[in-house]
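One structure below.
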Amino acid sequence: MSKQILIIGGGVSGLTLLHYLKKRFPDEGDVHLRLIEKEPAVGGTIHSVRQGGNLFESGPNGFLDSKPSTLELIKDLGLNDELIQSGDAAKIRYICIKNELHALPSSLGGLLKFKPLSVLDKMRIPFEAFVPKGGHPEETVYEFGKRRLGENFAKYFLDPMVSGIFAGDAKNLNLQAAFPRMCELESNYGSLIKALFSLKKERKDQGADKDVSVKPGETLCSLRDGMGRLLDAMYQRYQKNIQLGEEAIDIQKVNDGVIVETDKVKYYADKVILCVPSYAAAKALKPLNEFLASELDDISYASLAVVGLVYNKSDFKNPPDGFGYLIPSSEKKEVLGVLFSSNIFESRASADQVLLQVMIGGVHNPQSVQKSREELIEIAKNEVKTVLATHGDTVDHFVKICPKAIPQYNKRYPVICQVIQREMTPYKNLHLLANYLGGISVNDCTFNAQKMAEQVQFENT
Ligand SMILES: Cc1cc2nc3c(=O)[nH]c(=O)nc-3n(C[C@H](O)[C@H](O)[C@H](O)COP(=O)(O)OP(=O)(O)OC[C@H]3O[C@@H](n4cnc5c(N)ncnc54)[C@H](O)[C@@H]3O)c2cc1C
């Protein structure tokens, strides 16, 4: 008799898992695969919307080519022809302080010229190499920055970076969990400045171009029709195995498998993989293990509103150049940053228009997502008018409100992960996979899904 695998959740984690399991078990007679998704469409956080000539992203704008997993998935799905990369025009990134844009330094020289840093801050930079490595395991991103390069480094660089990636609070985000690469650089090179020089040299030795930034070799990629195309392609291919509009509400372990009750039917499966946010996993698992559910529920999420604004180019004295800007939380703004989307990827807007994506809310402003769409558009427009000096009104807009957008790898997060792992150990046929475990980026999700597909084994509970 064929084995049954049930995947719950049709975001990028669940769909990528389905894809790689389908490759591993092509014969339905051996292993039958089913994915259920509570919404009427797959995608979860990822959704691209074409409106007129503009393409709005309600979730990720893209993924970095520094890790191979998403590129591999795209190739596997035959989408290589649709792959696009951000151009050179999008290389410059800014930090916005007191409504003024400052180019983010990409070299030591740039760091020394960065105006918001004081002379004392700059004098400290060469001594970073002598700061002993290794903070405590619960060290936050902010504490790390302050320890290595001083308070203003944490405030002007790490705080906005955390806003841009996690919509989170650098003073609460666990460094090791949220940015393992930074810990690795400190541990391998003993210093961030030394790491920068060594990585530059390594790239030069490998024949890379001379213009090496702090993050070598990272280019943002997407698909011509947006990130949603990736999920649509998987849906089209595996439609037969996907059940939309069905919510898992209760999960029970039986002797040799798992019973999942949805709002429509009951499934028996030999293996169940829950690819849903932690709060949704908590709800479904509560009857099975209340303690596990309460730990899952302890992972907090940042709320976020994404507002897309389209202007005519002629409405700017100087149309914005570069990738976009981030705003340190010390500026006390509801806006976390603005992406210059039409600079990042061509064909996001017509040639005579500018598409901007304004991120509002995050953990510092949980009240923002309570606001109406009109209020959010107004906040976004005011920000753009103040900083980018627009003098006309928008020609189109888009709003997406995400009350629980991004999981926060906060101070207690490593402990929560240990407890989750321990509590899950007895359930050999039940697994958890989503962005609250092992990284929030699309690359992390596709990598973890591929790894899980390779590891699935059938055994009795
Ligand atoms: C605004 C925003 C911008 C981002 N930008 C980037 C970026 O530029 N680059 C990047 O790499 N990452 C980015 N991310 C992060 C990345 O997009 C997410 O971490 C990733 O898409 C999460 O995928 P997932 O499948 O793990 O979870 P989700 O996308 O949350 O998918 C979970 C799915 O499970 C379904 N579900 C929930 N409960 C049930 C249930 N009981 N039964 C059935 N189905 C259920 C949901 O409806 C959903 O479809 C961004 C995130 C946000 C919010």
Side-chain angles (χ1 to χ4, degrees), residues 6-18 34-47 56-67 69-70 86 163-168 218 220-222 226-228 230-231 234-235 242-251 260-264 267 272-285 301-308 323-324 336-337 339 341 344-345 357-362 369 400-407 409 432-449 452:
L6 179 66
I7 299 168
I8 304 172
V12 69
S13 299
L15 281 168
T16 307
L17 176 67
L18 177 62
R34 185 194 304 273
L35 183 150
I36 59 168
E37 163 57 50
K38 80 177 168 85
E39 298 296 335
V42 294
T45 304
I46 301 178
H47 195 46
F56 298 99
E57 294 280 14
S58 67
N61 274 276
F63 60 94
L64 293 169
D65 64 358
S66 50
K67 289 182 181 172
S69 55
T70 311
S86 65
S163 283
I165 299 174
F166 281 85
E218 290 192 347
L220 195 71
C221 300
S222 182
M227 290 299 288
L230 177 62
L231 287 283
M234 289 193 272
Y235 177 67
I242 298 173
Q243 192 66 48
L244 296 175
E246 204 168 313
E247 180 175 2
I249 48 176
D250 182 23
I251 294 171
V260 174
E261 197 176 335
T262 73
D263 51 351
K264 301 211 168 67
Y267 295 103
V272 169
I273 301 123
L274 256 174
C275 306
V276 302
S278 57
Y279 54 88
K283 201 168 145 201
L285 289 168
Y301 278 68
S303 56
L304 198 61
V306 179
V307 179
F323 187 91
L336 303 178
L339 293 182
S341 308
I344 302 174
F345 298 116
Q357 192 178 10
V358 184
M359 317 300 267
I360 300 173
V369 291
K400 170 77 184 176
I401 301 173
C402 322
K404 289 189 171 189
I406 302 178
Y409 292 12
L432 303 174
L433 173 81
N435 64 351
Y436 65 91
L437 295 169
I440 66 156
S441 73
V442 172
N443 276 339
D444 292 325
C445 294
T446 52
F447 174 80
N448 291 331
M452 174 140 325

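Note that these values count all heavy atoms, side chains included, but never hydrogens, waters or copies made by symmetry. Note that ligands are numbered from 1 as they come in the structure, with each ligand's atoms numbered from 1 the same way.
Counting heavy atoms closer than 4.0 Å to ligand 1, residue Leu304 contributes side-chain atoms (C-beta onward) but none from N, CA, C or O. By the criterion of a heavy-atom distance under 4.0 Å, both the backbone and the side chain of Val442 are placed next to ligand 1. By the criterion of a heavy-atom distance under 4.0 Å, the side chain of Ala280, and not its backbone, is placed next to ligand 1. No part of Cys402 comes within 4.0 Å of ligand 1, judged by heavy-atom distances. Using a 4.0 Å cut-off between heavy atoms, Glu246 contacts ligand 1 through its backbone alone, with no side-chain atom that close.
In this structure, Lys400 forms no cation-pi arrangement with Phe56, as its terminal cationic atom is not both closer than 6.0 Å to the ring centre and no more than 45° off the ring axis.
Minimum heavy-atom separation, Val442 to Ile46: CG2-CD1, 4.2 Å. Closest non-hydrogen pair, Gln357 versus Gly59, comes out as NE2-O, 4.1 Å.
Between the side chain of Tyr436 and the main chain of Ile406, no donor-acceptor pair closer than 3.5 Å is present.
Near Ile46, the atoms of ligand 1 lying under 4.0 angstrom from a non-hydrogen atom of the residue are 21 (O). Taking a cut-off of under 4.0 Å to the non-hydrogen atoms of Ala434, the atoms of ligand 1 that pass are 26 (O). Taking a cut-off of under 4.0 Å to the non-hydrogen atoms of Glu39, the atoms of ligand 1 that pass are 47 (O). For ligand 1, the atoms sitting less than 4.0 Å from at least one non-hydrogen atom of Gly59 are 1 (C), 2 (C), 3 (C), 4 (C), numbered in the order shown with element in parentheses.
Considering only non-hydrogen atoms, atom 8 (O) of ligand 1 lies nearest to Asn61 out of Asn61, Leu17, Asp263, Leu15. Among Val42, Asn435, Val276, Ile7, the residue whose heavy atom sits closest to atom 36 (N) of ligand 1 is Val276. The closest non-hydrogen atom to atom 32 (C) of ligand 1, taken over Gly9, Ala281, Cys275, Gly439, comes from Cys275.
Residue contacts with ligand 1: Pro407 is excluded, as none of its non-hydrogen atoms falls under 4.0 Å. Residue contacts with ligand 1: Ala284 is excluded, as none of its non-hydrogen atoms falls under 4.0 Å.
Salt bridge absent: Lys38 and Asp263 never bring a charged side-chain N and a carboxylate O closer than 4.0 Å.
Note that CD of Glu37 and CD of Gln243 are 11.5 Å apart. Values are rounded to the nearest 0.5 Å. If you take SG on Cys402 and OH on Tyr301, they are separated by 12.5 Å, rounding to the nearest 0.5 Å. Note that CG of Asp444 is 13.0 Å distant from CZ of Phe63, once rounded to the nearest 0.5 Å. Here the CE-CG distance, from Met452 to Leu432, works out to 7.5 Å after rounding to the nearest 0.5 Å.
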Item to complete: Apply side-chain contact (heavy atoms from CB on, under 4.5 Å) to the pair Ile36 and Ile7, showing each step before the final yes or no.
Response: CA-CA 6 Å; Ile36 59 168; Ile7 299 168; over 6 Å; no
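Given atom 28 (P) of ligand 1, the protein heavy atom at minimum distance is Thr45 OG1, 3.7 Å. In this structure, atom 15 (C) of ligand 1 lies nearest to the protein heavy atom Ile440 O, 3.3 Å. Scanning all protein heavy atoms for the shortest distance to atom 44 (N) of ligand 1 gives Lys38 N, 3.2 Å. For atom 31 (O) of ligand 1, the closest heavy atom belonging to the protein is Gly11 CA, 3.5 Å. Counting protein heavy atoms only, atom 41 (N) of ligand 1 is closest to Ala248 O, 3.0 Å. In terms of protein heavy-atom proximity, atom 6 (C) of ligand 1 is closest to Pro60 CB, 3.2 Å. For atom 25 (O) of ligand 1, the closest non-hydrogen atom of the protein is Ser13 N, 2.9 Å.
A donor atom on one side chain and an acceptor atom on the other are found under 3.5 Å apart for Glu246 and Tyr267. Defined by atom type and a distance below 3.5 Å, a donor-acceptor pair is missing between the side-chain atoms of Thr446 and Thr16.
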